[in-house]
Amino acid sequence: MLDKTGIAKRIAKEVKRGYYVNLGIGIPTLVANYIPQGFDVVLQSENGLLGMGPFPFDGEEDADLINAGKQTITTLPGSSFFDSAMSFGMIRSCKVDLTILGAMEVSDNGDIANWKIPGKMVKGMGGAMDLVASAKNIIVAMQHVNKAGESKLLPKCSLPLTGVGCVKKIVTELAVLDVTQQGFKLLERAPGISVEQIKNATLGRLIIEGDIPEMHLD
Amino acid sequence: MLDKTGIAKRIAKEVKRGYYVNLGIGIPTLVANYIPQGFDVVLQSENGLLGMGPFPFDGEEDADLINAGKQTITTLPGSSFFDSAMSFGMIRSCKVDLTILGAMEVSDNGDIANWKIPGKMVKGMGGAMDLVASAKNIIVAMQHVNKAGESKLLPKCSLPLTGVGCVKKIVTELAVLDVTQQGFKLLERAPGISVEQIKNATLGRLIIEGDIPEMHLD
Amino acid sequence: MNKVVDNADEAIKDIQDNATLMLGGFGLCGIPENCITALVKKGVKGLTCISNNAGVDDFGIGLMLQTRQVKKMISSYVGENAEFERQLLSGELEVELIPQGTLATRCMASGYGMPAIYTPAGVGTEVAIGKEVRNFNGKDYLMEYAFDADFAIVKAWKGDPHGNLIYRETARNFNPMMAMAGKITIAEVEELVPAGDLDPDQIHTPGIYVHRIFKGVNYEKRIEQRTVRKS
Amino acid sequence: MNKVVDNADEAIKDIQDNATLMLGGFGLCGIPENCITALVKKGVKGLTCISNNAGVDDFGIGLMLQTRQVKKMISSYVGENAEFERQLLSGELEVELIPQGTLATRCMASGYGMPAIYTPAGVGTEVAIGKEVRNFNGKDYLMEYAFDADFAIVKAWKGDPHGNLIYRETARNFNPMMAMAGKITIAEVEELVPAGDLDPDQIHTPGIYVHRIFKGVNYEKRIEQRTVRKS
């Protein structure tokens, strides 16, 4: 079973040279730590920055320089700042190659719910609806089951949707799955996890073809 | 009767303190020369400049710094450059207070034709259609009659339109007229010009109420 | 052009009860601190505030929530504010949540004189309820209307008397679009320089969009999530 | 990111016959001189060129007209070019005239992922023929579609290997919007500087929109209307 770091490490392997990537809050933010140094990848922060660098050293924080999670960050050589309209412009026009974000539920046709739980205070969708509606490649980082032990990979989302038919891949503590027209296609098992365990934790349609390899994380 | 300079001088009196003004090619360009020094007016050039200054001194021309008529120009303190989309954005959102442009024909409901003559090579509308569709105040600078002696102030334009119901005021070599719901309302006569001469040169509905004063220039 | 006013009190003096305001900023980054303080002091009530976030309990728009000056918030995310939650749950406060890109683009549309825009954000979700859906090239889009405000209040780094503005780093965020969308736009700046001091190639908001400008004072620039790495 | 290519020939080498190109510039100001020369040298034919103007007889896009490489021009104004007029009247060349603001905004719409925009420009004129007219708040607007191009070719003042661009003065004009609208965007720059040399606050076109960049040579920067005052 993967911990959060493991999920982030596995997702980092999906990031290709030359990609512009938007990382959501939570596990997706950790992915940045596992992209190899010198790998030509540019991180976009939707509040108006291309070329997000690491957190600043203590004492070097700049209140004018934050990411979409409101954390203090730094820039890198080649960075650029722009306004929110242009930021979502580049998202909508699919210039961002890969979006990685968390989810509460994903359905086997790629619908995603990650912004609202009926009965709980609704904080808002932020930029998530824009991102999922526009990104050409969306990977979801999440736990396979919720705290009550219920599957979050469903035939149909029960929570209000953030976007429709948009998720391409899911990485959980148990597995890597593609979202296909026929449902979740199991690609890899987490170390020590059996196909049976994944089956039991997945409520949506699950496609298992041939031997499912265990994932490599170096 | 006014010459081109006279028309420009008379129009300059319509320019109020604090105005952002777009000047078209030809007579409108001359208007800039008669706006009093130190008068708080900013000229917009739709190719991407606010704060257009005078022509440069010989030897100080800059190929990167032109107006919409492709003439070399200068900037003034407080100038800003922007792209064509923002330029027409500020035009469409009515941030430009006054637009002055030439015309081939104006109808008594404020339609304007100034871009195309059937049978002649069509050079294009440039920014004129955007300007006339969006400006809150449009003044036309033109000759009252064409070279064949025919009125250019018509009941209906005969040439293809540039914009509909948009012209607010016309200054010609003969007169100053407002465009009202009832037609052209004669406001002022050019020096030495009689109401009768203006009547004879105007084909569209012409409203003459009371004494029509002769205009004052400076 | 000289659009300079003395201070925030002067800049906001004609903002009346029940006005609609846009306030720039993302989280607490790039917010018009001086004008918020002045609005609290003035005590104007029943405000509709369009701003990406609602501040925190004791800073930013949160200060106007404490004094019950806000009737309605139009935002994309309002999660950092306990008083906000209390007022929302008690029905004292209305909230309208809008996807962040839609919010930004609707402001920009106003400044660009475009009455409506199309965006795919929210298609198939409850955000789409009651909205026109239109298909272009096989993809569905929502039609969203431009919006403007009685007053747009923005914060920039540098400005000049013409109202030309330059923002700094990610404090730019919503400020340029909101500056374009105000019937009256008020800009507070950290540095107010003479006309001609700003490079005309570097101006983010041309002065034509700005009606009043003043030099702000005592910027706190609070950091919401101070996050550092070990050296 | 390193998007640097050696020169214009390298940058345009995969542009094929019948491609649609956007070319930045207003008149002869801010045009991609090096790429135009390379396109003439390569001899690629049947091009559709989207550019505000068509150059003059012996410079700018006019050079590509002389060699009969252009099948269609999409412009707002094409008046400075006798060869253009000859080809147009003889039927060798097609032309589509678009209001200047509409042209700029349709490019921007593409870069902003908006499939269509509304503009009042052309309402009630022959430009409106066949187009959808829609009333918002009592005013009529035309719906105009975003357009993109196989290649957008722009000219900037400074650039870096990431493709970040800074334009100079009114040579900015259509270049930023076209840079956003190319399936492949090629930028030629007067100065190519290392990543990190450009101030991130001052970048007009973020590198994400640019695919190839090179340092141009021998800029002529011809002036169309040299107009001076007496000293």
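Values in this document were obtained by computation on a predicted structure and should not be read as measured data. First the proteins, then the strands, lettered A, B, ... as listed; each starts at 1.
Looking only at side-chain heavy atoms (C-beta outward), D/Gln225 and B/Phe55 stay at 4.5 Å or farther from each other. Side chains of D/Tyr77 and B/Lys70 form a contact here, defined as non-hydrogen atoms less than 4.5 Å apart. Counting heavy atoms from C-beta on, the side chains of B/Met125 and D/Thr125 never come closer than 4.5 Å.
In this structure, B/Arg92 CZ and D/Thr102 OG1 are separated by 7.0 Å, a value rounded to the nearest 0.5 Å. Between B/Lys123 atom NZ and D/Glu85 atom CD the span is 6.5 Å, to the nearest 0.5 Å. Taking CE of D/Met108 as the start and CZ of B/Phe88 as the end, the distance is 13.0 Å to the nearest 0.5 Å. Annotation: the span from B/Met121 atom CE to D/Arg86 atom CZ amounts to 12.0 Å, rounded to 0.5 Å. Between the CD1 atom of B/Ile73 and the CZ atom of D/Arg229 there is a distance of 11.5 Å, given to the nearest 0.5 Å. In this structure, CD1 on B/Ile66 lies 7.5 Å from CG on D/Asn173, to the nearest 0.5 angstrom.
Crowding of B/Lys4 atom NZ: a count of heavy atoms from other residues, nucleotides or ligands under 6.0 Å not exceeding 12. Under a cut-off of 6.0 angstrom, the local environment of NZ in B/Lys185 is crowded, with over 12 non-hydrogen atoms contributed by other residues, nucleotides or ligands. Counting heavy-atom neighbours within 6.0 Å of B/Lys16 NZ, excluding the residue itself, gives a total above 12. More than 12 heavy-atom neighbours from other residues, nucleotides or ligands sit within 6.0 angstrom of CG on D/Asn135.
Contact record, B/Thr72 with D/Thr227: OG1-O, 2.6 Å, taken as the closest heavy-atom pair. Closest approach of D/Gln100 and B/Gly127 over heavy atoms only: NE2-N, 3.3 Å. Listed here is the closest heavy atom pair of B/Ala63 and D/Lys221: CB-O, 3.2 Å. B/Val122 approaches D/Val78 most closely through the heavy-atom pair O-CG2, 4.0 Å. Looking at every heavy atom in both residues, B/Gly124 comes nearest to D/Leu97 through CA-CD1, 3.7 Å. In terms of heavy-atom proximity, D/Arg172 sits nearest to B/Phe82 at NH1-CA, 3.6 Å.
Applying the salt bridge (charged side-chain N to carboxylate O under 4.0 Å, His left out) rule to pairs touching residues 134-145 of chain B yields B/Asp97-B/Lys136, sequence neighbours excluded.
In terms of heavy-atom pairs under 4.5 angstrom with chain B, the leader among D/Arg226, D/Arg106, D/His204, D/Arg222 is D/Arg226. The candidate with the highest count of non-hydrogen atom pairs below 4.5 Å against chain D, out of B/Asp62, B/Thr162, B/Asp111, is B/Asp62. Taking B/Ser87, B/Pro160, B/Ala68 one by one and counting their heavy-atom pairs under 4.5 Å with chain D, the maximum is reached by B/Ala68. Heavy-atom pairs under 4.5 Å with chain D were tallied for B/Gly89, B/Gly126, B/Gly48; the largest tally goes to B/Gly126. The residue among B/Thr75, B/Leu49, B/Leu65 with the most heavy atom pairs within less than 4.5 Å of chain D is B/Leu65.
Looking at D/Val123, the atoms closer than 4.5 Å to chain B (heavy atoms on both sides) all sit in the backbone: N, CA, C or O. Heavy-atom distances place both the backbone and the side chain of B/Phe81 under 4.5 Å from chain D. For a residue to count as touching a neighbouring chain, one of its non-hydrogen atoms must lie under 4.5 Å from one of that chain's; by this rule B/Glu46 touches chain D with backbone and side chain alike. Only the side chain of D/Phe84 comes within less than 4.5 Å of a heavy atom in chain B; its backbone stays farther off. D/Asn53 touches chain B through its side chain: at least one heavy atom from C-beta onward sits under 4.5 Å away, while N, CA, C and O do not. Proximity to chain B (any heavy atom under 4.5 Å) is restricted, for D/Lys139, to the side chain, taken from C-beta onward.
Within residues 23-34 of chain D, the residues that have a heavy atom under 4.5 Å from a heavy atom of chain B are D/Phe26, D/Gly27, D/Cys29, listed by number.
Side chain of B/Asp83 to main chain of D/Asn175: no donor-acceptor pair is present (N/O by atom type, distance under 3.5 Å, no hydrogens or angles). Using modelled atom types, no side-chain atom of D/Arg168 and backbone atom of B/Asp64 make a donor-acceptor pair closer than 3.5 Å.
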